[in-house]
Amino acid sequence: MANPAQHLRQWFTFLVLLVLGGVAAWFLMPREWSQMQWEIPGTPSEYPLAQLLRPWLILLGCFLPAAGMFLYNCSDIMDRYVARTWFTAFMMCTAILTLIYIIGDFADNVGDLMNLESPLEGTFRFYLSQLPMILNLILPYTLLLGTLWALTKLSSSSEITGMLQSGRSLLRINSPVIIGAVFAAVYFGIFGFHWAPNSTLYRKLMFSSLSQNKNDSSRSIIYKNDDESRIWYIGDPPGIDSPGEPFRQVRVEQFGAPGKMEYELFADEASWDPHSRTWTFLHAIEKAYPQQQPRELNGVPLFSGDGYQTRKKPYSETPWQLISPNVRVDTQGTPALQEII
């Protein structure tokens, strides 16, 4: 019978993975909830099921390694040997292809990445954000290559023949490989659910912002809310990697009917509070237009006697809606595509 020290050594890796998974979940789940409030209009109780699944899928991904290690410890010696051989080959293929992809991509974009405020730290953070997209892209290939590598190694040394002679079927021998492939498929589904398309969106917007000058008017944004007859003009929006930063040089036009403007709001800054779901406009001037005196749409309003004020508006738009592309299928995950449909 194994002594306590042997049991501790056997389950030490499982305990470490369990603790690391808990730490990762404690760090990532609140961030995902915060990101959801920044992206999605409404309160969490109003979110569709696909959006509510996002933090729970992160939780599942955090504890999958510990679950795999638990199954490994509960297996017999032969299953452990096959699982260890396959996992080593799979991880080596994944690491090699990931490194090749990053090196090739860095060589293509090194000029743009050097324009970051902190090139070394910014490049590291950029490729860290791209890992879901990279892994979602290469996992099918690394799963195939890793499985072929592991089975070829076992076959070339006649180990599979010896295992067959022990009385096990070929399916039973390969059961650890099948279970490992299921775990890889689950991660592939998790990454593709939202975070791989989101990484693609972050990539597009970051390189777009790097290719433009900070003071270039081409950075300005126009957003039209057809449901509430409102148009936003934003001269200096924050980057996608700066959630919570205020919008600058903002103008909002509110219409009561097509071509009839109710009021126009000008502000130096606009910030959004996700808890009260209200916009705060600093150094703002609001100009109302009675129906009997509509403003000429091409004219410039005059603010005689109006002073700067702080205005609060319960607009339904979120910062994410204003700065992200409206409909880009290649940057939309499962929740976003369901809402679009």
Side-chain angles (χ1 to χ4, degrees), residues 2 6-22 24-25 28 53 56-103 130-196 199 333-334:
Q6 290 176 325
H7 277 296
L8 180 61
R9 286 195 300 270
Q10 180 181 357
W11 292 94
F12 177 74
T13 305
F14 166 75
L15 294 175
V16 170
L17 291 176
L18 189 65
V19 171
L20 291 178
L28 293 175
L53 285 175
W56 300 109
L57 287 176
I58 286 181
L59 180 67
L60 175 63
C62 290
F63 287 104
L64 270 182
M69 197 64 201
F70 178 83
L71 293 177
Y72 177 84
N73 287 338
C74 294
S75 303
D76 57 30
I77 295 177
M78 190 178 297
D79 285 337
R80 291 184 192 177
Y81 179 74
V82 175
R84 189 164 58 247
T85 302
W86 173 83
F87 183 74
T88 302
F90 171 70
M91 291 304 297
M92 288 187 65
C93 290
T94 302
I96 291 171
L97 286 186
T98 301
L99 185 61
I100 291 174
Y101 183 96
I102 292 176
I103 292 175
Q130 296 300 290
L131 277 181
M133 183 269 291
I134 296 173
L135 292 175
N136 187 257
L137 179 66
I138 69 173
L139 271 181
Y141 305 102
T142 59
L143 181 59
L144 174 63
L145 294 175
T147 302
L148 291 176
W149 186 357
L151 294 181
T152 301
K153 179 181 178 182
L154 294 174
S155 178
S156 62
S157 58
S158 301
E159 291 175 286
I160 292 182
T161 303
M163 294 177 187
L164 289 171
Q165 292 176 350
S166 69
R168 293 192 173 188
S169 65
L170 191 60
L171 181 62
R172 177 64 183 84
I173 293 172
N174 287 307
S175 59
V177 178
I178 296 173
I179 294 174
V182 170
F183 274 72
V186 171
Y187 270 113
F188 179 81
I190 291 175
F191 292 142
F193 187 79
H194 171 78
W195 295 276
S199 297
T334 300

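Positions are given from 1, in the same order as the sequence printed here.
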Closest approach of [X] to [Y] (non-hydrogen atoms, all atoms of both residues):
| X | Y | value |
| --- | --- | --- |
| L28 | C62 | CD1-SG, 4.2 Å |
| Y72 | R80 | O-NE, 3.3 Å |
| S199 | M133 | CB-CB, 3.7 Å |
| G61 | P65 | O-CD, 3.5 Å |
| A184 | L139 | O-CD1, 4.0 Å |
| L170 | L164 | N-CD2, 3.8 Å |

Output the distance between atom [atom1] ([X]) and atom [atom2] ([Y]), rounded to the nearest 0.5 Å.
| X | Y | atom1 | atom2 | result |
| --- | --- | --- | --- | --- |
| T85 | W149 | OG1 | CH2 | 11.5 Å |
| I138 | L144 | CD1 | CG | 13.0 Å |
| L135 | W195 | CG | CH2 | 13.5 Å |
| W86 | L143 | CH2 | CG | 6.0 Å |
| F188 | L137 | CZ | CG | 8.5 Å |
| D79 | N174 | CG | CG | 10.5 Å |

- Message: Counting neighbours of CZ on F87 that are heavy atoms of other residues, nucleotides or ligands and sit closer than 6.0 Å, is the number greater than 12?
- Response: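 No, the 6.0 Å shell around CZ holds no more than 12 heavy atoms from other groups.
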
- Task: May I ask you to check whether over 12 heavy atoms, not counting those of F70, lie within 6.0 Å of atom CZ?
- Result: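 Check fails, neighbour count at 12 or below.
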
- Query: Are any side-chain N or O atoms of S169 and backbone N or O atoms of R172, one a donor and one an acceptor, separated by less than 3.5 Å?
  - Reply: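 Yes: the side chain of S169 pairs with the backbone of R172.
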
- Item | Exam field: side chain S155 to backbone L151, donor-acceptor pair closer than 3.5 Å |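 Absent.
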
- Task: Start with the C-alpha distance between I77 and Y81, add both sets of side-chain angles, then the distance that settles side chain to side chain contact (heavy atoms under 4.5 Å, CB included), and finish with yes or no.
- Result: CA-CA 6 Å; I77 295 177; Y81 179 74; 5.6 Å; no

- Any donor-acceptor N or O pair under 3.5 Å, side chains Q130, Y101: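 No, Y101 and Q130 have no side-chain donor paired with an acceptor closer than 3.5 Å.
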
- Message: If you apply the rule side chain to side chain contact (heavy atoms under 4.5 Å, CB included), what do you find for N73 with T13, and how did you get there?
- Response: CA-CA 10 Å; N73 287 338; T13 305; over 6 Å; no

- Message: Run the side chain to side chain contact (heavy atoms under 4.5 Å, CB included) test on L57 and H194 for me, step by step, so that the C-alpha distance in whole Å, both residues' side-chain angles and the decisive distance to 0.1 Å come before the verdict.
- Response: CA-CA 10 Å; L57 287 176; H194 171 78; over 6 Å; no

- With sequence neighbours left out, what residues match I179 under side chain to side chain contact (heavy atoms under 4.5 Å, CB included)?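 Testing I179 for side chain to side chain contact (heavy atoms under 4.5 Å, CB included), a comparison that skips the adjacent residues, returns L71, F183.
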
- T142 and I96: CA distance, side-chain angles, deciding distance, side chain to side chain contact (heavy atoms under 4.5 Å, CB included) verdict: CA-CA 9 Å; T142 59; I96 291 171; over 6 Å; no

